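One structure is given here, and the rest of the page talks about it.
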Amino acid sequence: MSLAKNLALLRHLPKVDGLRLAEFGRSADVSSPLEEVTGFGDNPGNLRMFAFVPAQLQKPRALVVVLHGCGQTAAAYDLGAGWSTLAKHYGFALVMPEQQRVNNGNTCFNWFNPEDTARDGGEARSIREMIAHMAEAHRIDPKRVFITGLSAGGGMTSVMLATYPEVFAAGAVIAGLPYGIASNLREALDGMFHSPQRPERELGDFVRRASNHRGPWPKMSVWHGSADRTVNPGNASEIVKQWLDLHDLPAVPMAETIVDGYPRQAWWNKDGETLVESYAITDMAHGTPLGLADNDQRYGIEGAFLIEAGISSSYNIAKFFGLTGWIPDAAGKKAGPGTSKPALSPAPHLARSIRAAVAVAEEPAEPKRAAARGFDLGQIITRALTAAGLMK
């Protein structure tokens with residue numbers, strides 16, 4: 001069942017069960033380590049809270065909020081996108097709010113309902129309460145709270161970043177929509193199917209009016225399949241425009257590179273820190289892209305709206321959040337979750353090292369390197385051999 005049909009059923013048929021999607025959600029519940037948390041605080045949006053905290057947490061402690069798509073449960077999306085596996089490997093806490101069928105006939109977050117998208121109201125307030133509960137219970141660093149979501153969960157990610165921008169260091173929207181473009185079902189459908197273009201300032205003002213916050217603003221990563229027929233890919237451009245305006249960045253990308261075969265655009269600040277990035281997953285339909293990560297691990301399993309694409313969005317988003325560089329402090333012990341992976345033969349390791357070295361040489365990752373597009377093949381091979389452990 002498409003997201004459009006889910007939204008159309010939202011108010012008119014609240015008890016209708018989207019059979020295939022509901023079964024997918026239920027079957028995944030037993031495979032996720034998520035545990036339900038009750039009594040987390042005010043819950044005007046009537047959402048359920050699920051969380052996972054690994055035995056080891058990196059310092060300072062970080063929290064990632066993950067919002068599922070329509071027809072999914074928190075556990076189903078966790079299984080599919082692999083977030084609890086990432087949390088174990090890299091030592092960060094996870095909270096996954098879950099929509100209830102009584103609120104929405106097909107378990108979509110209500111990203112366009114005014115009562116759920118305003119600061120201190122509805123579903124937005126419920127998610128904020130979950131974050132506050134996790135921060136207090138697990139001593140989360142307030143500067144290391146992040147959020148991501150798929151589809152309607154992506155739309156609600158935009159809501160949270162707009163209504164509580166001071167809470168988040170960064171966010172990532174997958175096949176979602178910008179904040180403020182819809183306040184009823186008709187506008188939501190128009191945004192999904194047509195993605196009307198709006199001026200950058202108008203999009204930015206939607207966010208500015210959502211709170212009294214005036215910066216600094218969260219960083220933003222945007223992901224969208226070019227063959228998405230459920231949420232128009234033009235929404236990715238509109239989200240990028242919204243956050244470029246907030247960060248006062250130019251419309252022209254500062255870097256255009258290829259990552260795992262897909263185009264990525266990036267914008268950075270004067271210190272070289274990437275503030276906005278956008279991935280266009282060529283020929284991919286509506287869903288979250290899955291694939292091998294840079295560390296040769298796979299996060300997630302294919303399923304409804306979880307698509308093998310040769311690139312791990314979950315891993316790359318965690319990397320954008322700054323969460324993948326952690327190595328457990330386990331002196332004298334076996335390698336911890338940040339380093340646990342099967343041994344690799346030199347060949348694939350070397351191939352990956354060469355690809356990485358070429359990418360570094362080709363990409364002006366910082367302003368200082370913007371003009372350095374030429375590279376020496378001998379230096380690249382030497383660097384790759386060293387990285388593969390075949391040369392000192």
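Keep in mind it's a predicted model, so treat the numbers as computed, not measured.
Close placement of the F321 and F146 rings is indicated, their centers lying within 6.0 Å of each other. Taking the six-membered ring where the residue is Trp, the centroids of H68 and F109 are separated by under 6.0 Å.
Side chain to side chain, N46 and Q100 meet the donor-acceptor criterion of an N or O pair below 3.5 Å. Side-chain polar atoms of N232 and S195 form no donor-acceptor pair below 3.5 angstrom. Remark: the T288 side chain and the Y77 side chain contain an N/O donor-acceptor pair separated by less than 3.5 Å.
At distances below 3.5 Å, at least one donor-acceptor pair connects side-chain atoms of T107 with backbone N or O atoms of G71. N113 contributes no side-chain N or O that, together with a main-chain N or O of E115, makes up a donor-acceptor pair within less than 3.5 Å. In this structure, the side chain of E35 does not engage the main chain of A51 through any donor-acceptor pair within 3.5 Å. Remark: side-chain polar atoms of N104 are paired, donor with acceptor, to backbone N or O of N106 under 3.5 angstrom. A donor-acceptor pair under 3.5 Å is absent between the side-chain atoms of T274 and the main chain of V276, judged by distance alone. Side chain of W267 to backbone of P250: a donor-acceptor contact under 3.5 angstrom is found. Distance alone, capped at 3.5 Å, places no donor-acceptor pair between the H224 side chain and the H286 backbone. Under a 3.5 Å cut-off, the side chain of N316 and the backbone N or O of S312 do form a donor-acceptor pair. In this structure, the side chain of N43 engages the main chain of L47 through a donor-acceptor pair within 3.5 Å. With E308 contributing its side chain and G310 its backbone, the two residues share a donor-acceptor pair below 3.5 Å.
Ionic pairing of K319 and D294 is present here: one or more N-O contacts between side-chain nitrogen and carboxylate oxygen are shorter than 4.0 angstrom. Salt-bridge check for E256 with R264: failed, with every basic side-chain N at 4.0 Å or more from each acidic carboxylate O.
What you find for Y179 and T117 is that their closest heavy atoms are OH-O, 3.3 Å. For A152 against C70, the heavy-atom pair with the smallest separation is CB-SG, 3.8 Å. Closest approach of A75 to S32, counting heavy atoms only: CB-CB, 3.8 Å. Nearest approach of S183 to P114, heavy atoms of both residues: O-CD, 3.3 Å. Scanning both residues, G121 and P44, for their nearest heavy atoms gives C-CG, 4.5 Å. Closest approach of G300 and L290 over heavy atoms only: C-CD1, 4.5 Å.
From H138, atom NE2 reaches atom CG of L57 across 8.0 Å, with rounding to the nearest 0.5 Å. Taking CG of L185 as the start and CG of N110 as the end, the distance is 10.5 Å to the nearest 0.5 Å. In this structure, the separation between OG on S314 and CH2 on W223 is 8.5 Å, given to the nearest 0.5 Å. To the nearest 0.5 angstrom, Y279 atom OH is 11.0 Å from I258 atom CD1. The line from CZ of F50 to CE of M96 is 10.0 Å long, rounded to the nearest 0.5 Å. Note that CD of Q242 and CD of E202 are 10.0 Å apart. Values are rounded to the nearest 0.5 Å.
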Where do Y90 and W326 land on the ring pair (Phe, Tyr, Trp, His ring centres under 6.0 Å) test, with the steps shown first? CA-CA 6 Å; Y90 296 108; W326 177 71; 7.7 Å; no

Let's go through R119 and E166 carefully: what are the C-alpha distance in whole Å and the side-chain angles of both, what is the deciding distance for salt bridge (charged side-chain N to carboxylate O under 4.0 Å, His left out) to 0.1 Å, and is it a yes or a no? CA-CA 12 Å; R119 186 181 175 98; E166 78 283 2; 2.9 Å; yes

Given the rule in the side chain to side chain donor-acceptor pair (under 3.5 Å) test, do H89 and Y299 qualify, once you have shown the distances and angles that lead to the verdict? CA-CA 10 Å; H89 282 182; Y299 301 97; 3.1 Å; yes

Would E238 and R198 satisfy salt bridge (charged side-chain N to carboxylate O under 4.0 Å, His left out), going step by step from the backbone distance to the final call? CA-CA 7 Å; E238 295 297 288; R198 293 173 170 84; 5.0 Å; no

Go through it in stages, so that I can follow the logic: the residues are Q99 and E123, the test is side chain to side chain donor-acceptor pair (under 3.5 Å), and I'd like the CA-CA distance, side-chain angles, deciding distance and then a yes or no. CA-CA 9 Å; Q99 182 61 282; E123 293 176 12; 2.8 Å; yes

Take Q58 and R144 through the test side chain to side chain donor-acceptor pair (under 3.5 Å) and record every step on the way to the result. CA-CA 11 Å; Q58 56 178 279; R144 304 196 78 204; 3.0 Å; yes

Starting from the C-alpha separation in whole Å, work towards a yes-or-no answer on salt bridge (charged side-chain N to carboxylate O under 4.0 Å, His left out) for E277 and K219. CA-CA 9 Å; E277 67 172 10; K219 302 191 300 181; over 6 Å; no

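Each of T157, V222, L150 was checked for a side chain to side chain contact (heavy atoms under 4.5 Å, CB included) with I174, and the lone residue meeting it is L150.
Around the CZ atom of R298, the shell of radius 6.0 Å holds more than 12 heavy atoms that belong to other residues, nucleotides or ligands. By the 6.0 Å contact criterion, CG on D120 is enclosed, its count of non-hydrogen atoms from other residues, nucleotides or ligands being greater than 12.
Residues L161 and I147 form a side-chain contact, since some pair of their non-hydrogen atoms from C-beta on lies under 4.5 Å apart. Side-chain atoms of V167 and I131, non-hydrogen and from C-beta on, do get closer than 4.5 Å to each other. Contact check for W111 versus S158: no side-chain heavy atoms found under the 4.5 Å cut-off. Between N235 and I181 the shortest side-chain heavy-atom distance falls below 4.5 Å. The side-chain heavy atoms of L177 and V231, taken from C-beta on, include a pair separated by under 4.5 Å. Between E273 and W268 there is no side-chain heavy-atom pair separated by less than 4.5 Å. When side chains are defined from C-beta on, L249 counts as touching M254, because their heavy atoms get closer than 4.5 Å. Here the side chains of L94 and L63 are not in contact, with every heavy-atom distance at 4.5 Å or above.
Residues satisfying the side-chain hydrogen bond (donor to acceptor under 3.5 Å, both in side chains) test with R208, not counting sequence neighbours, are D205, D245.
Using the six-membered ring where Trp is involved, W243 and H247 have ring planes that are tilted, between 30° and 60° apart. Between W83 and F92, the angle of the ring planes goes over 60°, which puts this pair in the perpendicular group of the 30/60° scheme.
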